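Structure first, then comments.
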Amino acid sequence: MSTEQSISALPPNHRLFDGSVPKPWVESLEQYQELYKESIEQPETFFSRMALKHISWSRPFTRVKQGSFEAGDVAWFADGELNITYNCVDRWAYADPDRIAFIYEADEPGQGDKWTYRRLLQEVCRVSNVLASFGLRKGDTVAIYMPMIPEAAVAMLACARLGLVHTVVFAGFSAHSLAERVQDAASRVIITADEGLRGGRVIRTKAIVDEALATCPTVERVLVFRRTGNEIPFNPSRDVWWHEATAKHRPYCPPVPVSAEDPLFLLYTSGSTGKPKGVLHTSGGYLLGASMTVKYTFDVHDGDIFCCTADIGWITGHTYVVYGPLSLGSTSVIFESIPTYPNPSRYWKLVEDYKITQFYTAPTAIRALRRQGDSWVDSCDLSSLRIIGSVGEPINPEAWNWYYKKIGREHCVVVDTYWQTETGSHVITPIPGAIPTKPGSATLPFFGIDAVILDPVTGEELKGNDVSGVLAIRSLWPSMARTIAGDHKRFLDTYLRPYPGYYFAGDGASRDKDGYYWIRGRVDDVINVSGHRMSTAEVESALILHPQVAESAVVGAPDEITGQAICAFVTLKDEVVNDNINAELVALVRKEIGPIATPKHLIVVNELPKTRSGKIIRRILRKVVAGEADQLGDLSTLSDPTILDILIKKVEVSI
Ligand code: WTA
C-alpha cells in the first residue's frame, strides 16, 4: 500500500456546521454524490438549472449542450445571449451600489482603496466608451499588459462589455514574449500602465510595451494607466492616457449582448512545443464554471471577502480574482505586492486587516512562507478564514499540513484544486462540508466532470480503484476551452486526439482505494515552476540564440520551494572559451521569455545523451538531475554510454 492510501480522510470541518457561519451549500457527501450523479447522467437538466440560477441571460437558451470530443465542436447554451460584464457588475451595482467589489491592496502596505460596485460600473463604462471611440467592434482583440491593480480588471470587464476579446499577458513576460502574443492574436489595442511596482521595485511596463510594439504592426492605440507618475516614453500619435481619455466619456455604456459561444478571451499558455498556445474561452460556459466553482469549492456566501493571490495574467487570476467572485456579487481582493514584502507576514496581515474568509494561493508560496518560521503567522488574527485553497501544482503533505494547522488553525477546510488554463475552472477539488480531505489529494471530481484514469500506452480506461495512469475526462463540461486561436488542429492534436473520445489533460494521476485522485504532474515536456507552466522547448529555443551554443536541453529539476526548477544543459561550439557564458545565457533567457523562465541551473557539458539517430534523451537528464542516476533504466538506445559518468559528475558539482 502506498503511503497516501494509508492517510485517512479528515472529516468535513465542523466549524462549517457550528452555527457561527452560513451552512455550506453542499451539506454532506451524500448530497454531493447525488448532485454529481445528476450532473453526469443528466447534464442537460443539471446545467440548465445551474445556468438559469447563476447567470442573467438577455436571451434565454433553448439548447444546453452540443458537439463531441470526436468532432471537436463542443458548444454550450449556444442560442443563448448574455453580457459578461452585466452579470459581473451591473446587476450588483443596481441592487446594492455600495457593496464592495474590489479591495485593492497596493504594493506598499495600507495603500490602495476599496471599489464599490457603483464605482466599478462607472469606470468600466468609461473605458468601454474609450475603446469604442478607438473604433473597436465586437470580436476585435485587445491585449492587456498591466500590473495587479483594479484597472487591470476594469480593462478586462470593459472589453467584455463590448464583446471584445481580451488577451492578458502576464506583466513579467519580456517584450519579445509580449510581441509574440500580440502578433498571434492580431491585437488592435494594448492597455498598459506607465510602470508597475512589486516588492518596492519599479517595473518599466510601458518601456517594455514600446519595445514589443516595434514588431507589432496591428496595434493602433496604446491606452496607458498612470500608476507611478514617473517620466516614461510617450508617443502622442499612438499613445493615450487613461485618465485623459476616460474624462471625456460618460460613465455609462450599454452592454453588448453576445452569444454564449462568442469568445470572451484568449490566454496564452505553454505547450510541448516552443510556440505558446492561445487558449480560447467563450462567454456562457466559462462564466458558469467560474461562478459555480467559486460558490461550491469555496462555499462563498453573501458578505464573504474572497482573496486569490494569483496575478490576472494567469487563468487563476481570470477566474478567481475577476469573473468568478464578481459573478456572485462578492468582494474580491486585488493584491499588487509579493508575499514577503515588507516581511513574510504580508499575506496574514492582509487576512487580518480585511477579515478575509476565503484565501487561495499556490503551494510554492506556502512552502516559502513555511520556511520563514511560524512567528510571522502566529502574530496575526486569522479567525475570519473558513476555506483555504491551493492551486497550480501538487501540494506535498508537509506543506498541506502546515497550511491546515498554522493558517487554517485546524478549523478551516483546505481545498487543493486541480485544473488548467484549458479547463477554465476547477475539475477535481474538495467541496467543503461534503468531501472529506486528505493531505496532498485533490479528492473528487467537480460537477459535470467524468474523470477517468487511462493506461498511457493502450488508452484503455483503468476501472476500479487503486490505479495509476494518465488523467482524462470523458464528459463535456461548460467551461472547457473551445479551441486554440488560429490553430484548431493543434487543439485537437493536443487534447482530443491522443485518446479518442476523451479530453487529455497532460497530467499523470492515480486513484486511490477510496476513489480519491492524486495528481502526479505533467507527462509532456512542460515543467511547472512555482505553479507557472513553462515549455522546455521555449527555453531551449532561447538558449540556442546565443552564438556560442551548439545544442541545448532543458529539464525540470525537483526543487523544495518552487516544485520544479529549470535546469538547462548546453553544449558549446568548438573551442569556445568564455568564462561569462553562464551569466550571458541566463540574461538571454530572461530577455527572450522573461524573469519567470530564469534557469536555476545552467550546466555546460561536452556531450548530451543521444540516441543513435541523434535525438537527445531527456529522460536520462531528468533522472540525473533528480539524483536518480542509479535508476536510468534501459540504456540500449544511448549511442555513447561513456558520456554518462562525466555527465553525472558534472551535475553533482553543479546542483
Ligand atoms: C498543474 C493553473 C497538482 C497541472 C490552474 C496542470 C496541479 C497545470 C494542480 C495547469 C493541483 C494545477 N495539483 N497539479 N491542485 N493545479 N496543477 O494552466 O500540471 O497554469 O496541468 O493552470 O498545473 O497549469 P495552468
Side-chain angles (χ1 to χ4, degrees), residues 16 21-26 32 35 39 47 50-51 53-56 82 84-85 87-89 91-92 99-103 117 120 153 156-157 160 264-265 281 283-310 312 314-335 354 356-362 384-392 412-421 423-435 442 445-449 477-480:
L16 298 186
V21 294
K23 265 211 285 190
W25 292 111
V26 187
Y32 157 77
L35 286 167
S39 74
F47 283 111
M50 289 290 159
K53 187 147 95 191
H54 294 97
I55 294 178
S56 167
L82 75 165
I84 297 283
T85 304
N87 273 276
C88 289
V89 186
R91 27 181 199 162
W92 318 118
R99 191 187 298 181
I100 303 299
F102 288 133
I103 295 175
Y117 272 93
L120 180 61
M156 295 162 75
L157 293 161
L264 173 62
F265 64 84
H281 279 286
S283 304
Y286 170 79
L287 190 67
L288 182 60
S291 200
M292 283 180 64
T293 48
V294 169
K295 177 167 167 178
Y296 294 112
T297 305
F298 291 105
D299 198 41
V300 164
H301 293 262
D302 276 355
D304 279 353
I305 312 287
F306 188 89
C307 177
C308 165
T309 64
I312 54 128
W314 309 115
I315 190 70
T316 309
H318 281 57
T319 308
Y320 299 105
V321 176
V322 184
Y323 290 117
L326 297 188
S327 72
L328 293 173
S330 286
T331 300
S332 176
V333 175
I334 294 191
F335 178 59
Y354 299 119
I356 289 166
T357 42
Q358 285 84 3
F359 184 79
Y360 192 26
T361 196
S384 56
L385 287 172
R386 289 206 315 275
I387 315 288
I388 50 179
S390 168
V391 60
C412 291
V413 180
V414 176
V415 289
D416 171 10
T417 61
Y418 167 79
W419 61 298
Q420 311 175 297
T421 304
T423 67
S425 56
H426 304 153
V427 292
I428 301 186
T429 177
I431 292 187
I435 300 180
F446 192 72
F447 302 128
I449 304 294
W477 71 102
S479 70
M480 64 173 284

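Bear in mind that the values here come from a model prediction, so they are computed numbers and not experimental data.
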Report the relative orientation of the aromatic rings in Tyr323 and His318; use parallel for angles under 30°, tilted for 30 to 60°, perpendicular for over 60°.
tilted
Going by the angle between their ring planes, with limits at 30° and 60°, are Trp25 and His301 parallel, tilted or perpendicular?
parallel
Checking side-chain contact (heavy atoms from CB on, under 4.5 Å) for the pair Phe359/Thr309: CA distance, chi angles, key distance, verdict?
CA-CA 8 Å; Phe359 184 79; Thr309 64; 3.7 Å; yes
Using a 3.5 Å distance criterion without hydrogens, assess whether the side chain of [X] forms a donor-acceptor pair with backbone atoms of [Y].
X: Arg99; Y: Trp92; value: no
X: Ser291; Y: Leu288; value: no
X: Ser39; Y: Gly448; value: yes

So which heavy atom on [X] is nearest to which on [Y], and how close?
X: Gly317; Y: Ala310; value: N-CB, 3.8 Å
X: Ser283; Y: Ile84; value: O-CD1, 3.4 Å
X: Val414; Y: Pro430; value: O-CG, 4.0 Å
X: Pro22; Y: Arg386; value: CD-NH1, 4.3 Å
X: Tyr286; Y: Ser479; value: CA-CB, 3.8 Å

Note, [X] side chain near [Y] side chain (heavy atom, < 4.5 Å):
X: Pro432; Y: Leu16; value: yes
X: Leu287; Y: Cys88; value: yes
X: Phe447; Y: Trp477; value: no
X: Cys307; Y: Tyr354; value: no
X: Phe446; Y: Ile431; value: yes
X: Tyr117; Y: Leu326; value: yes
X: Thr293; Y: Trp419; value: no
X: Leu328; Y: Asp304; value: no

Asp299: what forms a salt bridge (charged side-chain N to carboxylate O under 4.0 Å, His left out) with it, not counting sequence neighbours?
none
Distance check, rounded to the nearest 0.5 Å: [X] atom [atom1] versus [Y] atom [atom2]?
X: Leu385; Y: Cys412; atom1: CG; atom2: SG; value: 5.0 Å
X: Leu264; Y: Leu82; atom1: CG; atom2: CG; value: 9.0 Å
X: Ile387; Y: Phe298; atom1: CD1; atom2: CZ; value: 8.5 Å
X: Asn87; Y: Ile55; atom1: CG; atom2: CD1; value: 6.0 Å
X: Ile435; Y: Tyr32; atom1: CD1; atom2: OH; value: 4.5 Å
X: Phe102; Y: Ser330; atom1: CZ; atom2: OG; value: 11.0 Å

Working for side-chain hydrogen bond (donor to acceptor under 3.5 Å, both in side chains), residues Thr319 and Ser425
CA-CA 7 Å; Thr319 308; Ser425 56; over 6 Å; no
Side chain to side chain donor-acceptor pair (under 3.5 Å) partner of Tyr360, chosen from Thr297, Thr316, Thr417:
Thr417
Between Phe265 and Ile315, does the side-chain contact (heavy atoms from CB on, under 4.5 Å) criterion hold? Intermediate values first, please.
CA-CA 10 Å; Phe265 64 84; Ile315 190 70; 3.7 Å; yes
Side chain to side chain donor-acceptor pair (under 3.5 Å) with Thr331: which residues, sequence neighbours excluded?
none
